[in-house]
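Since the model is a prediction, treat every value here as computed from it, not as a measurement.
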Amino acid sequence: GDVQIINDGSTVRKRLFAVGSEGENNNVVYWDYDSASDTFAQDPTVLDVSMVDAAVDNELHLVSVRALPGAIMLAGKDGAFFFKYSSAADSYSLMNVPGIAPTEKIEYSDFLCFNSGLNDGKMVFVILRKPTGNKDSAMEFRSFDPSLQENQISDILKEIALPAKAQRITALRVDDSFDVMLDVKQLIVAHKQGATILDVVPV
């Protein structure tokens, strides 16, 4: 999983997320961090994903969870999902991601969100699509504009073909770190033939 840092204006909370294995339905869970004792909660909280059509008993087939301040992204056999965080209610609500293919023959193995690099308040979604078998994978690119009242997430704007069984996207940030709040300069994608490195150029 990933550690999500949520700043609600008065306190900073850290949250450790985890998802289950690819082969079985599993809950998405998280543990809150207690800075006073320097420990995570002993028992996890089960994330409410019941609003997802594919969820059975609040469970999903997932392989990846990505955490940002204000959102989490999930990907796996049942699709790719974006949940926006509300600090007032300490809850997560599902937002529609256009263009997600039916999951009978398609899996999604990773879901990443990063700044547009133009200082315009917009974000870029990168979703890794992995067909079953040895068919080519693809990276799907969408925009996310939180200033819009409707249709904040665009349909697919661009696709990049990749070798089969692409599994994970790693984002290298502008200062050669992995700080999720910084702009991205390279995307590194692991797949059946090794890895592909892509330079990110804002346009």
Novice: Rounded to the nearest 0.5 Å, what's the gap from NZ on Lys165 to OG1 on Thr132? Could you check?
Specialist: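 The OG1 atom of Thr132 is 8.5 Å from NZ of Lys165, to the nearest 0.5 Å.
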Novice: To the closest 0.5 Å, what do you measure between CG (Asp32) and OG1 (Thr39)?
Specialist: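 Spacing of CG (Asp32) from OG1 (Thr39) equals 11.0 Å.
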Novice: Which donor-acceptor pairs under 3.5 Å do side chains of residues 191-199 form with protein atoms, sequence neighbours excluded?
Specialist:
from: His191; atom 1: ND1; to: Gln193; atom 2: N; distance (Å): 3.2
from: His191; atom 1: ND1; to: Gly194; atom 2: N; distance (Å): 3.4
from: His191; atom 1: NE2; to: Thr196; atom 2: N; distance (Å): 3.4
from: His191; atom 1: NE2; to: Thr196; atom 2: OG1; distance (Å): 2.8
from: Lys192; atom 1: NZ; to: Asn134; atom 2: OD1; distance (Å): 3.0
from: Asp199; atom 1: OD1; to: Gln186; atom 2: NE2; distance (Å): 3.0

Novice: Name all residues meeting the side-chain contact (heavy atoms from CB on, under 4.5 Å) criterion together with Leu148; count only those two or more places apart in sequence or in a different chain, and write none if there are none.
Specialist: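 For Leu148, the residues satisfying side-chain contact (heavy atoms from CB on, under 4.5 Å) (neighbours in sequence not counted) are Asp145, Gln152.
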Novice: I'd like to check the side chain to side chain donor-acceptor pair (under 3.5 Å) partners of Asn96; sequence neighbours left out, ordered by chain and number.
Specialist: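 Residues passing side chain to side chain donor-acceptor pair (under 3.5 Å) with Asn96: none at all.
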Novice: For Phe17 and Tyr30, take the angle between the two ring planes, folded into 0 to 90°, and tell me which bin it lands in: parallel under 30, tilted 30 to 60, perpendicular over 60.
Specialist: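 Ring orientation of Phe17 relative to Tyr30: tilted.
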Novice: Mind jotting down which residue pairs meet the side-chain hydrogen bond (donor to acceptor under 3.5 Å, both in side chains) criterion with at least one end in residues 118-128? Sequence neighbours excluded, please.
Specialist: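 For residues 118-128, and leaving out neighbouring residues, the side-chain hydrogen bond (donor to acceptor under 3.5 Å, both in side chains) pairs sorted by first residue read Ser116-Asp120.
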Novice: Looking only at the side chains, is there a donor atom on one of Asp78 and Tyr108 sitting less than 3.5 Å from an acceptor on the other?
Specialist: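 No donor-acceptor contact under 3.5 Å links the two side chains.
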Novice: In Å, rounded to the nearest 0.5 Å, how long is the span from OH of Tyr33 to CG of Leu16?
Specialist: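 Rounded to the nearest 0.5 Å, the OH-CG separation comes to 12.0 Å.
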Novice: Could you tell me which residues satisfy ring pair (Phe, Tyr, Trp, His ring centres under 6.0 Å) with Phe144, sequence neighbours excluded, listed by chain and number?
Specialist: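 Ring pair (Phe, Tyr, Trp, His ring centres under 6.0 Å) check on Phe144 returns Phe82, Phe125.
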Novice: Quick check: do Arg168 and Ser64 have side-chain heavy atoms less than 4.5 Å from each other?
Specialist: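 Yes, at least one pair of side-chain atoms sits under 4.5 Å.
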Novice: Please list, one pair per line, the donor and acceptor atoms closer than 3.5 Å that link side chains of residues 41-55 to other protein atoms, with sequence neighbours excluded.
Specialist:
from: Asp48; atom 1: OD1; to: Ser50; atom 2: N; distance (Å): 3.0
from: Asp48; atom 1: OD1; to: Ser50; atom 2: OG; distance (Å): 2.6

